[in-house]
Amino acid sequence: MKTSWRTASMVASAAAVLALTTACGQESAPPATGQNVGATAAAGDYGTIGSGAGQAGGGAQASASPSNTAGELNVSTNAELGKVVTDNLGLTLYRFDQDTAEPPATNCEDDCAKTWPPVPADDATAGEGIDKALLGSVTRADGSKQLTVGGWPAYRYVKDVNAGDVKGQGVGGKWYALTPEGKKAQAADRPGLATREDAKLGEVVVDKDGMTVYRFMKDEAWPKPVSACTGACLEKWPAVSPVDFADTKGIQKKGYMTFTRPDGADQQTINCWPIYTFAGDKAPGDTNGQGVGGTWYAVRPDGKPVGATEK
């Protein structure tokens, strides 16, 4: 059995308590506490959301728009998520966190249902790997019957056009592929921060959900971290919360520390630079924040910005 990143994190955390804080730019990595430095610079423009690279789909093309029937449901194995439920065209089925399973109820209507078409229950049958006892239905506001799996209403995602696509996974932090048991499909025990190889940007840092991590060029790192992203800026660029270094993979240790923001929250840094995610990234692999306003850039494992010159 592989050692869990989370288990390794617990062991290293105890040792970190005894470490001494080291100023940014020195060789030793400081512990997970910092100074309240305050942010005095203006956040500036956020720019326009770009069209970053999304997740590529795989498998045979299914349809430009989902079928109005579900047909025989099957189990597909995704390399990252494991077993997920698919319809007769191989399209992934999803569940919505704002719905309920006991009793089954749907809260995705109107525009939501255009992006996440409900899966009809009428002709759905259990294929190999599907327990028919877990299949059911819920009556929607318009009187139609929607398929449920383990009590959870099932949906497709309009951006999934190829069999095996899982572009809806994690969207808005509320949409997840359905497992055959009706549970959320989740990537197995990802580290808190890691790296991935982006087709356009090269190696970039991602969080535990696979979301791209960014730097703000108006921030400061030395002699101590200062975030210039405050107020409304944080709604578009959420600060990355502290992640123990033992819960990372491929990240530079030098300058890996946290600091306390003016609002009292602690924020993670890489090489002393504050790091963020982007609200405009809706799915793992998105890089819509790259180059926004000429001030936001994806982060390398050593803390350098992708495609920008250090100040």
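Since this is a predicted model, take the numbers as computed values, not measurements.
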Non-hydrogen atoms of Pro191 and Lys249 that approach each other most closely: CG-CB, 4.1 Å
Minimal heavy-atom distance between Phe245 and Gln252, with the atoms involved, is CE1-O, 3.8 Å
Counting only N and O atoms by type, is there a donor-acceptor contact under 3.5 Å from the side chain of Lys183 to the main-chain atoms of Pro180? no
Take Thr287 and Asp198 through the test side chain to side chain contact (heavy atoms under 4.5 Å, CB included) and record every step on the way to the result. CA-CA 9 Å; Thr287 54; Asp198 184 85; 3.8 Å; yes
For residues 127-166, which residue pairs qualify under disulfide (SG to SG under 2.5 Å), counting only residues two or more places apart or in two chains? none
Looking at every heavy atom in both Pro120 and Ala70, which two are closest together, and how far apart are they? O-CB, 3.7 Å
Tell me the salt bridge (Lys or Arg N to Asp or Glu O under 4.0 Å) pairs involving residues 131-153, sequence neighbours left out? Glu109-Arg140
For a 4.5 angstrom cut-off between non-hydrogen side-chain atoms, does Lys253 reach Thr248? no
Euclidean distance, Glu128 CD relative to Asn74 CG, rounded to 0.5 Å: 7.5 Å
Please enumerate all residues that pass salt bridge (charged side-chain N to carboxylate O under 4.0 Å, His left out) together with Asp209, with sequence neighbours excluded. none
Can a donor-acceptor pair be found, under 3.5 Å and without considering hydrogens, that links the side chain of Asn288 to the backbone of Gly280? yes
Sort out for me which residue in Trp296, Trp237, Tyr276 forms a ring pair (Phe, Tyr, Trp, His ring centres under 6.0 Å) with Tyr214. Trp237
Any side-chain heavy atom of Gln290 within less than 4.5 Å of one from Leu201? yes
Under 4.5 Å side-chain heavy-atom separation, chaining through any Ile, Leu, Val, Met, Phe, Trp or Tyr, what else clusters with Val85? Say none if it is isolated. Leu73, Val75, Leu93, Val119, Ile130, Leu135, Leu147, Val149, Trp152, Leu178
Quick one: hydrophobic cluster around Val138, which other residues, with the 4.5 Å side-chain cut-off, linked directly or via members? none
Which heavy-atom pair separates Ala283 from Val171 by the least distance, and what is that distance? CB-CG2, 4.3 Å
Applying side chain to side chain donor-acceptor pair (under 3.5 Å), name anything that partners Glu72, two or more places apart in sequence or on another chain. none
Within residues 89-103 or reaching into it, pairs that qualify as side chain to side chain donor-acceptor pair (under 3.5 Å) - sequence neighbours excluded: Tyr94-Asp160, Asp97-Lys184, Asp99-Tyr155
Working to the nearest 0.5 angstrom, can you tell me the gap between Gln146 CD and Thr148 OG1? 8.5 Å
Taking every heavy atom of Val204 against every heavy atom of Arg300, the minimum-distance pair comes out as CG1-NH1, 4.4 Å
Which residues share a side chain to side chain contact (heavy atoms under 4.5 Å, CB included) with Thr115, sequence neighbours left out: Tyr157, Val158
Measure the spacing between CD of Glu310 and CZ of Arg215 and express it to the nearest 0.5 Å. 4.5 Å
Check whether any side-chain heavy atom of Leu81 sits under 4.5 Å from a side-chain heavy atom of Val166, and report yes or no. yes
Hydrophobic clusters here meaning ILVMFWY residues chained together by side-chain heavy-atom distances under 4.5 Å, can you tell me if Val243 and Ile275 are in one? yes
Is there side-chain contact between Gln169 and Tyr176, with at least one heavy-atom pair below 4.5 Å? yes
As a test of understanding, state which of Phe216, Phe259, Trp222 forms a ring pair (Phe, Tyr, Trp, His ring centres under 6.0 Å) with Trp273. Trp222
So CG of Leu193 and CG of Asp244: to nearest 0.5 Å the spacing works out to 10.5 Å
Gap separating the SG atom of Cys272 from the NZ atom of Lys224, nearest 0.5 angstrom: 12.5 Å
Can you tell me if Arg196 uses its side chain to pair, donor with acceptor, with the backbone of Gly285 under 3.5 Å? yes
Are side-chain heavy atoms of Phe278 and Thr212 found at a separation under 4.5 Å? no
Ring pair (Phe, Tyr, Trp, His ring centres under 6.0 Å) filter on Phe96, not counting sequence neighbours, yields Trp175
Please list all pairs meeting disulfide (SG to SG under 2.5 Å) that have one or both residues in residues 113-157, counting only residues at least two apart or in different chains. none
So, Gln268 side chain and Met257 main chain: donor-acceptor pair closer than 3.5 Å or not? yes
Considering all heavy atoms of both residues, which atom of Thr195 and which atom of Pro301 are nearest to each other, and what is their separation? CG2-CG, 3.6 Å
Find the distance between OG1 (Thr295) and NZ (Lys218) and round it off to the nearest 0.5 Å. 6.0 Å
Mark yes or no for whether Ser227, through its side chain, and Cys229, through its backbone, hold a donor-acceptor pair below 3.5 Å. yes
Can you pull out every disulfide (SG to SG under 2.5 Å) where at least one residue sits in residues 91-148? Sequence neighbours excluded, please. Cys108-Cys112
Are any side-chain N or O atoms of Asp165 and backbone N or O atoms of Leu91, one a donor and one an acceptor, separated by less than 3.5 Å? no
Side chain to side chain contact (heavy atoms under 4.5 Å, CB included) partners for Ala308, two or more places apart: Met217, Tyr297, Pro305
